[in-house]
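Note that the coordinates shown come from a computational prediction; the quantities given were computed from them, not determined experimentally.
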Amino acid sequence: MLLKKNSILVCALFVSCISFAQTNNKQSEKDKVIDSFFQCNNQFYKQLNKYQEVIKKYVDLETIPNNITYIPVESMKQADKNKIMFKKPLEYRGLKITGYQNIYIPTDFSGQLFYWGFIFDNKKDEVKNALNNINWLPYNTNVYIANAKIYDLNAKLKQWQDDFYAIDGVAPKFGTISKALYLENFANNQTSVFCSLQGDLKKEILLEARPDLKITIEKQEAKQQELIKAYKEKMQKEKEKQRSQPQTNTTETISKDGDNI
């Protein structure tokens, strides 16, 4: 009888250990995805692809060729359509991630601005303290910045360098690209953590960090080519029309005008 009870106890402990290990594994997979986001590079999309079954419990995902998975929003350009709220909070380091935002801002003089990241249902100091493995520095009175980098397209050594002059209100100079992490208030005691990529962006550098934009960029390029083709065809038709019209005899016109006088 005692042996039977011990066997039942061992089995119960074994099942409990399996359940605990599975829970820890799921938590570890979620952490790996969110950890990769803070690198602000393509690893985030690869991790989303690898652990998409776990993340799909919180938010819908889309996948494109080359195993690139991302969180879709309705429109990157429209403020009321560039974010998506999670089905349920995703727990991470004692914080609650409740949404994702993906922003694109084209400008006339400061290049292109991209921001993407998570919305936390926590106050800014709570997020900052939980993410204490990141070296947050004051950007202004309301925002912290971390891991600021700059890429000079005109430099002999073309690689990302530490940006010691990341200053609020100062856009990257022409011929440079900057990237960084930003921590700031969102709304109603919520906080956002964004990766940023901005400046004189070239396609290959943008896609290196944001492979999720590949299809979007290809569609834009195809549309531009169609517009250019349509414009050229229109101009060609106008030239042909002008050539087909009869030419007026300038000498005869002047003569008639003279007779009338």
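Between Tyr139 and Glu184 there is no side-chain heavy-atom pair separated by less than 4.5 Å. Contact of the Ile215 side chain with the Pro65 side chain is registered, since non-hydrogen atoms from C-beta on lie closer than 4.5 Å. Contact of the Ile55 side chain with the Leu90 side chain is registered, since non-hydrogen atoms from C-beta on lie closer than 4.5 Å. Two residues are said to be in side-chain contact when any heavy atoms from C-beta on lie closer than 4.5 Å; Tyr165 and Ile150 fail this criterion. You'll find the side chain of Gln161 stays beyond 4.5 Å of the side chain of Tyr151, heavy atoms only. Here the side chains of Val73 and Lys81 are not in contact, with every heavy-atom distance at 4.5 Å or above. You'll find the side chain of Phe194 reaches within 4.5 Å of the side chain of Ile103, heavy atoms only. Taking the side chain as every heavy atom from C-beta outward, Leu183 and Lys124 approach each other to under 4.5 Å.
Checked by atom type and distance alone, the side chain of Gln52 pairs as donor or acceptor with a backbone atom of Asn49 at under 3.5 Å. Without hydrogens or angle criteria, Lys30 side chain to Tyr51 main chain gives no donor-acceptor distance under 3.5 Å. One N or O on the side chain of Asn129 and one on the backbone of Asp125 form a donor-acceptor pair closer than 3.5 Å. Judged by distance alone, the side chain of Asn140 and the main-chain N or O of Asn142 form a donor-acceptor pair under 3.5 Å.
Hydrophobic clustering of Ile, Leu, Val, Met, Phe, Trp and Tyr side chains at less than 4.5 Å, counting indirect connections, unites Phe114 with Ile68. Both Leu95 and Ile34 sit in one connected hydrophobic cluster of ILVMFWY residues. Membership requires side-chain heavy atoms under 4.5 Å apart, directly or through other members. Residues Trp160 and Phe44 share a single hydrophobic cluster, defined by chaining ILVMFWY side chains whose heavy atoms lie under 4.5 Å apart. Under a hydrophobic clustering in which Ile, Leu, Val, Met, Phe, Trp and Tyr are joined whenever their side-chain heavy atoms come within less than 4.5 Å, directly or via other members, Ile105 and Leu181 fall into different clusters. Phe186 and Tyr115 sit in two unconnected hydrophobic clusters of ILVMFWY residues. Membership requires side-chain heavy atoms under 4.5 Å apart, directly or through other members.
Within the structure, disulfide (SG to SG under 2.5 Å) pairs that include any residue of residues 34-99 comprise Cys40-Cys195 (at least two apart or interchain).
Summarising the geometry of Leu61 relative to Lys56, their closest heavy-atom pair is CD1-CG, 3.8 Å, with the distance given to 0.1 Å. Here the shortest heavy-atom pairing between Ile64 and Pro211 reads CD1-O, 3.6 Å. Between Val54 and Glu29, the closest heavy-atom pair is CG2-OE1, 2.8 Å. The two residues Ala148 and Ala180 have their closest heavy-atom pair at CA-CB, 3.9 Å. Across Ala209 and Leu197, no two heavy atoms sit closer than the pair CB-CD2, 4.0 Å. In plain terms, the two heavy atoms of Asp152 and Gly175 that are nearest each other are OD1-O, 3.6 Å.
Note that CZ of Arg210 is 10.5 Å distant from CG of Leu201, once rounded to the nearest 0.5 Å. The NZ atom of Lys179 sits 6.5 Å away from atom CG of Asn41, with the distance rounded to the nearest 0.5 Å. For the atom pair CD1 (Ile119) and OG1 (Thr191), the distance works out to 10.5 Å, reported to the nearest 0.5 Å. Rounding to the nearest 0.5 angstrom, the gap separating the CG atom in Leu48 from the CG atom in Asn67 is 12.5 Å. The NZ atom of Lys173 sits 10.5 Å away from atom CG of Leu153, with the distance rounded to the nearest 0.5 Å. In this structure, the separation between OG1 on Thr107 and CD on Gln198 is 9.0 Å, given to the nearest 0.5 Å.
Other residues, nucleotides and ligands contribute only 12 or fewer heavy atoms inside 6.0 Å of the NZ atom of Lys77. Around CG of Asn66, the count of heavy atoms belonging to other residues, nucleotides or ligands within 6.0 Å does not exceed 12. The number of heavy-atom neighbours closer than 6.0 Å to NZ of Lys149, taken from other residues, nucleotides and ligands shown, is above 12. In the displayed structure, Lys123 atom NZ is contacted under 6.0 Å by at most 12 heavy atoms of other residues, nucleotides or ligands.
Looking at Asn82 and Tyr104, their side chains never bring a donor and an acceptor atom within 3.5 Å of each other.
The one candidate from Phe37, Phe118, Tyr70, Trp116 that meets the ring-ring contact (aromatic ring centres under 6.0 Å, His included) condition with Tyr100 is Phe118.
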Check against side chain to side chain contact (heavy atoms under 4.5 Å, CB included), Met76 and Leu213 = CA-CA 11 Å; Met76 294 171 59; Leu213 297 177; 3.8 Å; yes
request  = Under the side chain to side chain contact (heavy atoms under 4.5 Å, CB included) rule, what do Asp35 and Arg93 come out as? Steps first, then yes or no, please.
outcome  = CA-CA 10 Å; Asp35 286 345; Arg93 293 196 176 197; 4.2 Å; yes
task = Could you please spell out the steps behind the side chain to side chain contact (heavy atoms under 4.5 Å, CB included) verdict for Ser36 and Lys32?
result = CA-CA 6 Å; Ser36 68; Lys32 286 178 181 178; over 6 Å; no
task = Check the pair Ile97 / Phe120 against side chain to side chain contact (heavy atoms under 4.5 Å, CB included), numbers first and verdict last.
result = CA-CA 4 Å; Ile97 298 176; Phe120 291 79; 3.4 Å; yes
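Looking at residues two or more places apart in sequence or on another chain, you find no ring pair (Phe, Tyr, Trp, His ring centres under 6.0 Å) involving Tyr144. Annotation: salt bridge (charged side-chain N to carboxylate O under 4.0 Å, His left out) contacts of Lys50 (sequence neighbours excluded): none.
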